[in-house]
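Read through the structure below, which is laid out as C-alpha cells, and then see the notes.
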2 protein chains.
Amino acid sequence: MRRDVFQGIADPTRRALLGRLTKEKLNLTSVAESFDISRQSVTKHLRILIECGLVTEQKEGREKYFKAQPEKLSEVAAWMEQYRMFLSKSYDRLDDYLKTLQTKKPKNHEQRKSQSRNKRK
Amino acid sequence: MRRDVFQGIADPTRRALLGRLTKEKLNLTSVAESFDISRQSVTKHLRILIECGLVTEQKEGREKYFKAQPEKLSEVAAWMEQYRMFLSKSYDRLDDYLKTLQTKKPKNHEQRKSQSRNKRK
DNA sequence: TATATTTGCACCCATACGGTTGCATTTACA
DNA sequence: TGTAAATGCAACCGTATGGGTGCAAATATA
C-alpha cells in the first residue's frame, strides 16, 4: 500500500486535521469533537497521516495525543520546485500577505485537558 | 465526487504524467507508450487530471492531444503557504526565486506538435 | 469499588481507484 | 475502397477509502 505525503494531504478532512494539529497537540476525543465525523473515522484519518509521517502520536496515561509534523510537507515543496516558473502571481501576493504575519508563532493556546468534554448536540 | 488538485497529484503515475505533459504536448498513444500500464489506464488518469484542471485535451483529427496546466499547482502552493515556516531552506529559496520573477508571466515554451509519434520498440 | 472516560477492535457498507480485457467507432492513408 | 491506427465504451476485478456501529478493554476519578 502506497502511503506517501501526497496521499496524506489528498483528503480535505486530513488537511483540516493537519491544520488543527499544527496549532496544538490534542488527544483523540478533543480533535474528534472539532469534526463532524465519528471518532472512529478520525482515528482512521490519523492513522493515514501517521503512516505518511505528517502526524505523530504519543500516549499519556489513557489518552493519546497527536501533533502535526508539518516539516514533512517539504517533500511536496521539493516536488513542486520543478514547476516554480508556472506558479502564479496570486501565489506571490498571498506570500506577501503571509509574510506580514510571520512573527506570530503557532502557539498552542490555552486548552489542554480542561474542556474537551463538551459534547456537541 | 471530490475532484481537486490535491487528489490529482495524489497518485505517482499522475504526477509522472503531469511531468511528461509539461515538457511536451502528446497524444494518447504516445504518452501511453511511455508508461508501463495500459492505454485505458492512462486514459482514466488523464480524465482525473483534466477534471481537476491540471491537464487539458485538444482533438486534432483522429488524435487527441494532452498538455499540462501546471499553473493549477499554485492552489497547492497557496495551501502550503500556511506551513512555510516549517519548510526547509530549499523551499525558501524557491520563494526568493519567485519574487525575482514577479513580472514574468508563466510562458508556454517551444515545442508544440513536432515529434510525438516516435514509437519505441 | 463502582462508574465514567478514552481508546481500541472488529465488523459492515457503498463507492472510488487502479488496473485489466474485448470490442466498437472514427479517421487516415495506401 | 479496404485496412490500419487512434480513440472510445463497457464491463470486470481486487482492494482501498471514507464513513458508520457495537462492544470490549484500559484507566481515571468520585
Side-chain angles (χ1 to χ4, degrees), chain A residues 1-18 21 25-52 54-66 111-121, chain B residues 1-18 21 25-52 54-67 113 115-121:
Chain A
M1 187 186 338
R2 204 170 10 85
R3 195 50 51 105
D4 58 15
V5 185
F6 292 93
Q7 219 199 337
I9 64 172
D11 183 85
T13 301
R14 282 198 293 273
R15 290 197 295 280
L17 280 168
L18 192 65
L21 295 176
K25 184 171 98 176
L26 288 173
N27 69 332
L28 180 56
T29 26
S30 297
V31 57
E33 281 164 0
S34 317
F35 291 78
D36 248 5
I37 54 179
S38 74
R39 175 178 55 84
Q40 286 305 330
S41 196
V42 171
T43 301
K44 291 187 186 177
H45 280 302
L46 287 176
R47 189 175 44 73
I48 292 178
L49 286 169
I50 289 167
E51 281 172 8
C52 72
L54 280 167
V55 162
T56 55
E57 57 187 332
Q58 176 191 347
K59 199 136 140 197
E60 286 182 20
R62 79 178 145 176
E63 301 173 60
K64 196 171 230 173
Y65 283 86
F66 299 87
Q111 73 256 84
R112 194 115 233 78
K113 26 192 47 186
S114 54
Q115 54 274 86
S116 88
R117 68 201 66 200
N118 42 351
K119 315 254 162 198
R120 80 206 132 109
K121 200 276 182 81
Chain B
M1 187 187 334
R2 205 168 11 83
R3 196 48 51 105
D4 58 14
V5 185
F6 291 94
Q7 220 200 336
I9 64 172
D11 183 86
T13 301
R14 282 198 293 274
R15 289 197 295 280
L17 281 168
L18 193 66
L21 295 175
K25 186 171 97 177
L26 289 174
N27 69 334
L28 181 54
T29 27
S30 297
V31 56
E33 281 165 359
S34 318
F35 290 79
D36 246 5
I37 54 179
S38 73
R39 176 178 53 86
Q40 287 304 330
S41 196
V42 171
T43 301
K44 290 189 186 176
H45 280 302
L46 287 176
R47 190 175 44 71
I48 293 179
L49 287 169
I50 288 167
E51 280 172 10
C52 74
L54 279 169
V55 162
T56 56
E57 55 187 333
Q58 178 193 346
K59 200 138 136 197
E60 286 183 21
R62 79 180 146 174
E63 301 174 59
K64 198 171 230 174
Y65 282 85
F66 299 88
K67 69 171 175 181
K113 27 192 48 180
Q115 55 278 78
S116 88
R117 69 198 63 201
N118 41 352
K119 321 249 159 194
R120 91 207 130 118
K121 195 233 190 120

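Chain naming here is simple, since letters A, B, ... match the order of the sequence lines and numbering starts at 1 in each.
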Between A:Glu57 and A:Lys25, is there a side-chain N and carboxylate O pair less than 4.0 Å apart?
no

Atom pair distance, as rounded to whole Å: CG in A:Leu49 and P in D:dG18:
10 Å

What is the distance, to the nearest angstrom, from the OH atom on B:Tyr65 to the P atom on C:dT27?
15 Å

By side-chain hydrogen bond (donor to acceptor under 3.5 Å, both in side chains), which residues pair with B:Gln40, not counting sequence neighbours?
none

Could I get the full list of side-chain hydrogen bond (donor to acceptor under 3.5 Å, both in side chains) partners for B:Arg62, not counting sequence neighbours?
none

Validation: residues 3-16 of chain B side-chain donor-acceptor distances under 3.5 Å, sequence neighbours left out:
from	atom 1	to	atom 2	distance (Å)
B:Arg3	NH1	B:Glu51	OE1	2.8
B:Asp4	OD1	B:Phe6	N	3.4
B:Asp4	OD1	B:Gln7	N	3.1
B:Asp4	OD2	A:Arg15	NH2	3.2
B:Asp11	OD2	B:Thr13	N	2.8
B:Asp11	OD2	B:Thr13	OG1	3.4
B:Asp11	OD2	B:Arg14	N	3.2
B:Arg14	NE	B:Gly8	O	2.8
B:Arg14	NH1	B:His45	ND1	3.1
B:Arg14	NH2	B:Gln7	O	3.0
B:Arg15	NH1	B:Ile9	O	2.7
B:Arg15	NH1	B:Ala10	O	3.2
B:Arg15	NH2	A:Asp4	OD2	3.2

Contacts of B:Thr56 that satisfy side-chain hydrogen bond (donor to acceptor under 3.5 Å, both in side chains) - sequence neighbours left out:
B:Gln69

Atom pair distance, as rounded to whole Å: CD in A:Glu33 and P in C:dT5:
11 Å

Phosphate-side-chain proximity, B:Ser38 and C:dG19, N/O vs OP1/OP2 below 4.0 Å:
no

Any B:Thr29 side-chain N or O less than 4.0 Å from OP1/OP2 of D:dT7:
yes

Please report the interatomic distance NZ(A:Lys64) to OG1(A:Thr43), rounded to the nearest 0.5 Å.
9.0 Å

Would you please name every residue forming a side-chain hydrogen bond (donor to acceptor under 3.5 Å, both in side chains) with B:Arg39, sequence neighbours left out?
none

Nearest whole angstrom, please: distance from the C1' of D:dG18 to the CZ of A:Arg15.
14 Å

Euclidean distance, atom CZ of residue B:Phe6 to atom P of D:dT17 [Å, nearest integer]:
18 Å

Taking atom C1' of C:dG19 as reference, at what distance in whole Å does atom CG of B:Leu46 sit?
15 Å

Send over the distance from A:Gln58 CD to C:dT7 C1', rounded to a whole Å.
16 Å

Sugar-phosphate means primed atoms, P, OP1 and OP2; the rest is base. With that split, encode nucleotides 22-30 of chain D 5' to 3' as B, S or - using protein heavy atoms under 4.0 Å.
B----BS--

Between protein and nucleic acid, restricted to nucleotides 11-18 of chain C and to nitrogen or oxygen atoms under 3.5 Å apart, what atom pairs and distances do you find?
from	atom 1	to	atom 2	distance (Å)
C:dC17	OP1	B:Arg3	NH2	2.8
C:dC17	OP1	B:Gln7	NE2	2.5
C:dC17	OP2	B:Arg3	NH2	3.0
C:dG18	OP1	B:Asp11	OD1	3.1
C:dG18	OP2	B:Arg14	NH1	2.7

Could you walk me through whether A:Tyr65 and A:Leu28 satisfy the side-chain contact (heavy atoms from CB on, under 4.5 Å) test, starting with their C-alpha distance in whole Å, then the side-chain angles of each, then the deciding distance to 0.1 Å, before giving a yes or no?
CA-CA 7 Å; A:Tyr65 283 86; A:Leu28 180 56; over 6 Å; no

Partners passing side-chain contact (heavy atoms from CB on, under 4.5 Å) against A:Leu21 (at least two apart in sequence or in another chain):
A:Leu26, A:Leu46, A:Val55, A:Phe66, A:Ala68

Report the distance from atom CZ of A:Phe35 to atom P of D:dG18, rounded to the nearest whole Å.
14 Å

